[in-house]
Engineer: 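To start, I am sharing the structure in question, which I have written as structure tokens.
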Amino acid sequence: MEQRYEQTVGARASGARNALYVGAWALLALLALGMLITAAGILGTDAAGKLSVSWPSLILFALFAAAAVLVFLKKDGLKLEYDYALEDGTVEVAAILNARRRKGKLHLPLSGVQSCGDVDSAEYRRISARPGLRKHKFYLDEAAPRCFFLYSADGALHMAVLELNPELRNAVRGDRRLPVGSWHEGEGKT
């Protein structure tokens with residue numbers, strides 16, 4: 001029976017991050033209020049009594065709406081975690097937004113990995129300089145030890161970088177489905 005390895009990584013909780021999250025919701029409320037106020041002034045009548053459009057109000061409404069959409073889409077990134085799992089020779093990565101919403105990011109069978117290993121390895125430096133390589137960052141701590149996985153999908157080369165703990169790293173490294181010679185050790189510095 002296969003063993004399942006799991007790990008969750010997230011940014012450390014901080015007062016500043018929580019304040020930004022609350023501030024994002026407050027900004028959304030203000031932007032919605034601005035949209036309501038400017039929406040009331042978009043249509044009106046001119047001196048002759050004909051229906052007319054107030055272009056400054058319409059442009060301001062569009063700017064408020066665009067800013068509201070941008071803040072709404074980015075606010076959950078303030079409370080982001082990644083969940084890694086290794087089961088049956090497949091690495092699964094999911095993003096957990098605001099501790100509520102789970103979004104699958106990567107489903108990678110180890111048999112399809114072309115190259116992998118520590119980010120501080122010479123192989124990583126060689127591969128990451130390739131033109132046309134699509135890089136995917138699935139980690140939050142720049143100082144933590146990380147591992148890379150090179151694979152092909154959609155007719156292109158992709159590189160996923162994960163922040164694996166030693167137990168999960170060793171489980172991936174020792175998995176029998178990982179192609180022989182594809183793991184590259186690091187130089188001991190990150």
Engineer: Atom OG of Ser182 and atom CG of Leu110: how far apart are they, to the nearest 0.5 Å?
Structural biologist: 8.5 Å
Engineer: Distance-only, no hydrogens or angles: does the Asp175 side chain make a donor-acceptor pair with backbone N or O of Arg177 under 3.5 Å?
Structural biologist: yes
Engineer: Less than 4.0 angstrom from a charged side-chain N to a carboxylate O is my criterion; do Arg169 and Asp118 meet it?
Structural biologist: yes
Engineer: Can Val71 be reached from Leu20 by stepping across I, L, V, M, F, W or Y side chains whose heavy atoms are under 4.5 Å apart?
Structural biologist: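 Yes, it is one cluster - the side chains of Leu20 and Val71 are joined through contacts under 4.5 Å.
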Engineer: Would you mind listing the cluster partners of Ile37? Hydrophobic ones only (ILVMFWY), side-chain contacts under 4.5 Å, chaining allowed.
Structural biologist: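 Listed partners: Leu33.
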Engineer: Is the shortest side-chain heavy-atom distance between Asp83 and Gln7 below 4.5 Å?
Structural biologist: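 Answer no - side chains too far apart.
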Engineer: How about Cys147 and Val172: do any of their side-chain heavy atoms sit closer than 4.5 Å?
Structural biologist: no
Engineer: In a table with atom names and distances, give each donor-acceptor pair under 3.5 Å that connects a side chain of residues 89-97 to protein atoms at least two apart or in another chain.
Structural biologist:
from: Glu92; atom 1: OE1; to: His107; atom 2: ND1; distance (Å): 3.3
from: Glu92; atom 1: OE2; to: His107; atom 2: ND1; distance (Å): 2.3

Engineer: Using the rule that two of Ile, Leu, Val, Met, Phe, Trp, Tyr join whenever any of their side-chain heavy atoms come within less than 4.5 Å, decide whether Leu63 and Val69 are in one cluster.
Structural biologist: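 Shared cluster, no.
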Engineer: For Tyr139, is the NZ or CZ atom of Lys137 found under 6.0 angstrom from the centre of its six-membered ring and inside 45 degrees of the ring axis?
Structural biologist: yes
Engineer: So, do Leu157 and Arg130 sit near enough that their side-chain heavy atoms are less than 4.5 Å apart?
Structural biologist: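 Contact flag for Leu157/Arg130 side chains = yes.
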Engineer: Do Leu70 and Lys75 come within less than 4.5 Å of each other through their side chains, counting heavy atoms only?
Structural biologist: no
Engineer: Checking Glu185 against Ser121: is there a side-chain donor and acceptor pair closer than 3.5 Å?
Structural biologist: no
Engineer: Shared ILVMFWY cluster between Leu133 and Val119, side chains joined below 4.5 angstrom?
Structural biologist: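 Yes; tracing contacts between hydrophobic side chains, which count when under 4.5 Å, links both residues.
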Engineer: Would you find a donor on one side and an acceptor on the other, under 3.5 Å apart, between the side chain of Arg146 and the backbone of Glu142?
Structural biologist: yes
Engineer: Does the plane of the ring in Tyr82 sit parallel, tilted or perpendicular to the ring in Phe138? Use 30° and 60° as the thresholds.
Structural biologist: perpendicular
Engineer: When rounded to the nearest 0.5 angstrom, what is the spacing between OH in Tyr5 and CG in Asn170?
Structural biologist: 9.0 Å
Engineer: Check the angle between the aromatic planes of Tyr21 and Trp25 and answer parallel, tilted or perpendicular using the 30° and 60° thresholds.
Structural biologist: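 Perpendicular, since the angle between the ring planes exceeds 60°.
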Engineer: Can you find a heavy atom in the side chain of Leu36 that is under 4.5 Å from one in the side chain of Phe64?
Structural biologist: no
Engineer: Please report, to 0.1 Å, the donor-acceptor pairs under 3.5 Å made by any side chain of residues 53-61, with sequence neighbours excluded.
Structural biologist:
from: Ser54; atom 1: OG; to: Ser57; atom 2: OG; distance (Å): 3.3

Engineer: Are any non-hydrogen side-chain atoms of Asn165 and Tyr84 less than 4.5 angstrom apart?
Structural biologist: no
Engineer: Answer yes or no: is there a donor N or O on one side and an acceptor on the other, between the side chain of Glu163 and the main chain of Val9, under 3.5 Å?
Structural biologist: no
Engineer: For a 4.5 angstrom cut-off between non-hydrogen side-chain atoms, does His136 reach His158?
Structural biologist: yes
Engineer: Please verify the inter-ring angle class for Trp183 with Phe149; under 30° counts as parallel, over 60° as perpendicular, anything in between as tilted.
Structural biologist: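 Taking Phe149 first and then Trp183, their aromatic rings stand perpendicular (interplane angle over 60°).
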Engineer: Kindly determine whether Arg4 and Glu6 satisfy salt bridge (charged side-chain N to carboxylate O under 4.0 Å, His left out), including the steps that lead there.
Structural biologist: CA-CA 7 Å; Arg4 180 176 172 87; Glu6 293 183 13; 2.5 Å; yes
Engineer: Report the distance from atom CG of Leu108 to atom CG of Leu106, rounding to the nearest 0.5 Å.
Structural biologist: 5.0 Å
Engineer: Are a donor atom and an acceptor atom from the side chains of His184 and Ser115 found within less than 3.5 Å of each other?
Structural biologist: yes
Engineer: Search all heavy atoms of Ala68 against all heavy atoms of Met35 and return the closest pair with its distance.
Structural biologist: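 It is CB-SD, 4.4 Å.
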Engineer: Look only at the side chain of Glu123 and the backbone of Gly117, and say whether a donor-acceptor pair between them is shorter than 3.5 Å.
Structural biologist: no
Engineer: Hey, quick one: are Leu140 and Phe148 part of the same hydrophobic cluster, counting side-chain heavy atoms closer than 4.5 Å, chains of contacts allowed?
Structural biologist: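 Leu140 clusters together with Phe148.
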Engineer: Closer than 3.5 angstrom, by distance alone: can the side chain of Arg125 be matched with the main-chain N or O of Asp120 as a donor-acceptor pair?
Structural biologist: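 Indeed, once roles are kept as given, a pair shorter than 3.5 Å links the two residues.
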Engineer: I need the minimum non-hydrogen distance between Ser111 and Pro179, along with the two atoms involved.
Structural biologist: O-CG, 3.9 Å
